[in-house]
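Written out below as structure tokens is the structure these notes cover.
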Amino acid sequence: MYTQSMDLPGQVQLAGDSPEEARFHARVEADAKIEPRDWMPEAYRRTLLRQISQHAHSEIVGMYPEGNWITRAPSLKRKAILIAKVQDEAGHGLYLYSAAETLGQSRDQMMAALNSGKAKYSSIFNYPTLTWADVGAIGWLVDGAAIMNQIPICRCSYGPYARAMIRVCKEESFHQRQGFDIMLALARGTPGQKSMAQDALDRWWWPCLMMFGPSDKESTHSAQSMRWKIKRVSNDELRQKFVDVTVPQAELLGLKVPDPGLEWNAERGHYDFGPIDWDEFWRVVNGDGPCNRERLAARVAAWEEGRWVREAALAYAHKKSRKEAA
Amino acid sequence: MSEKEWPLWEVFIRSKQGLDHKHCGSLHAPDAKMAIQMARDVYTRRNEGVSIWVVPSAAIAASDPDERESFVEPMADKIYRHPTFYRLPDELEHM
């Protein structure tokens with residue numbers, strides 16, 4: 001996982017006519033990739049930096065909800081799988097931080113922005129994982145939504161981001177399948193297990209729909225991002241696609257999607273679905289979700305408690321290179 | 001000790017014996033040995049590689065993208081370097 005279409009604040013200036021700018025736009029138009037040392041408009045750089053770093057932060061914070069269940073996974077097999085999955089998320093965060101650094105911000109600056117609460121990450125990780133079924137629901141739904149979001153970014157105009165996304169997408173499909181596998185085991189289990197699975201779906205469904213970001217009408221940066229080919233498919237389009245593929249999967253599990261407004265619309269060839277609670281979305285994005293404080297506190301603690309390790313490793317490396325030089 | 005970032009390393013991976021090492025990304029590590037260990041964990045969790053190189057990013061010199069045209073262009077008009085430039089008799093064999 002996990003980007004959220006968080007085309008949130010930041011000024012976007014429209015393109016001027018300088019020769020570099022014209023060349024840049026021609027290359028983007030031609031579907032050529034922009035590379036780190038190529039000239040790019042400042043607003044393009046800032047938009048990418050914001051999006052890639054938010055994406056990286058999401059991967060890192062995303063480890064907490066699932067990490068919560070590693071010690072209590074119901075079997076050794078599930079535990080090994082979950083550890084591998086969470087380790088992948090760390091890896092995804094690292095690919096993305098590297099991609100973001102090519103735009104001229106240091107890793108420490110990004111960490112500081114996250115730890116200070118200034119940088120955003122996907123709203124989905126501010127929800128708690130109350131039962132084991134939540135681990136299944138996250139893999140199935142959250143990673144499922146992430147795949148929808150991320151596949152178009154593999155074709156993003158910025159080379160390092162596109163390449164990182166290709167790597168991430170390759171690994172993501174295991175995440176979704178292991179989640180579905182957990183849900184399937186529960187749904188086919190005892191009535192208690194099945195109701196646990198239903199409860200997880202009830203709590204995660206709407207937050208997952210919010211992962212695609214504000215509706216196209218509200219999404220202030222979408223048009224510019226589309227033009228720059230950072231974003232290739234609109235929020236609402238992706239959300240619809242997610243609903244269309246996920247509803248039959250829920251039926252297969254014998255679970256009910258918690259939306260009374262959900263109905264197949266033969267005319268459109270899509271599912272109609274009920275209104276999203278955007279107040280909740282903005283509340284969670286702006287720091288007031290169920291777990292925002294807990295997540296941030298965990299990040300800050302990890303950073304502070306890891307300081308001596310970072311410093312010791314660097315001191316050791318310096319000492320060794322001095323010895324080798326002598 | 002003042003807060004200092006670990007240096008950045010570029011990672012190159014040989015995916016199979018007999019193939020070239022290929023650039024696959026970068027990471028921060030305090031020294032080369034740690035960089036190789038971390039590269040294993042970050043970039044080869046699914047047997048993507050049999051060998052890893054790491055190079056300090058600061059040691060890489062690169063051509064200037066702004067001079068791409070004048071830098072690469074001289075090669076474009078030397079079409080006689082390609083075998084297809086030469087029209088040969090149809091009867092000619094083994095060439």
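Labels below follow one simple rule: chain letters A, B, ... track the order of the sequence lines, proteins then strands, and each chain is numbered from 1. Here the structure is a predicted model, which is why all the values come from computation and not from measurement.
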Show, in sequence, the C-alpha distance, side-chain angles and deciding distance for A:Asp88 and B:Arg46, and conclude whether the side chain to side chain contact (heavy atoms under 4.5 Å, CB included) test is met. CA-CA 10 Å; A:Asp88 272 356; B:Arg46 288 172 177 77; 2.4 Å; yes
Within the distance-only criterion (no hydrogens, no angle test), does the side chain of [X] pair as donor or acceptor with the backbone N or O of [Y] below 3.5 angstrom?
X: A:Tyr95; Y: B:Val42; value: yes
X: A:Ser98; Y: B:Ser26; value: yes
X: A:Trp39; Y: B:Asp66; value: no

Report yes if the side chains of A:Glu101 and B:His28 come closer than 4.5 Å at any heavy-atom pair, otherwise no.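 Touching, per the 4.5 Å side-chain cut-off.
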Side chain, backbone, both or neither of B:Ala62 within contact of chain A (heavy atoms, under 4.5 Å):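 For B:Ala62, heavy atoms of backbone and side chain both lie under 4.5 Å from chain A.
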Using a strict cut-off of less than 4.0 Å between a Lys/Arg side-chain nitrogen and an Asp/Glu carboxylate oxygen, indicate whether B:Glu5 and A:Arg107 qualify as a salt bridge.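 The answer is no: the pair does not qualify as a salt bridge.
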Tell me whether A:Lys319 is salt-bridged to B:Asp31, with the criterion being a basic N under 4.0 Å from an acidic carboxylate O.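 Answer for the salt bridge query: no.
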Checking heavy atoms, do the side chain of [X], its backbone, both or neither come under 4.5 Å from chain B?
X: A:Glu35; value: neither
X: A:Thr102; value: neither
X: A:Glu171; value: both

Please say whether more than 12 non-hydrogen atoms of neighbouring residues, nucleotides or ligands are located less than 6.0 Å from [atom1] in [X].
X: B:Lys78; atom1: NZ; value: yes
X: B:Trp53; atom1: CH2; value: no
X: B:Asp64; atom1: CG; value: yes
X: B:Glu73; atom1: CD; value: no

Work out which heavy atom in B:Trp6 is nearest to a heavy atom in A:Leu314; give both atom names and the distance.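 Closest pair (atom of B:Trp6, atom of A:Leu314, distance): CD1-CD1, 3.7 Å.
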What are the two closest heavy atoms between A:Ala317 and B:Pro30, and how far apart are they?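 Where A:Ala317 meets B:Pro30 most closely, the heavy atoms are CB-O, 3.4 Å.
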How many angstroms lie between atom OH of A:Tyr316 and atom NZ of B:Lys33, to the nearest 0.5 angstrom?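 So the gap between those two atoms works out to 6.0 Å.
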Please determine, among A:Arg167, A:Lys170, A:Arg163, A:Lys320, the option with the most heavy-atom pairs under 4.5 Å with chain B.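 So the answer, after comparing A:Arg167, A:Lys170, A:Arg163, A:Lys320, is A:Arg167.
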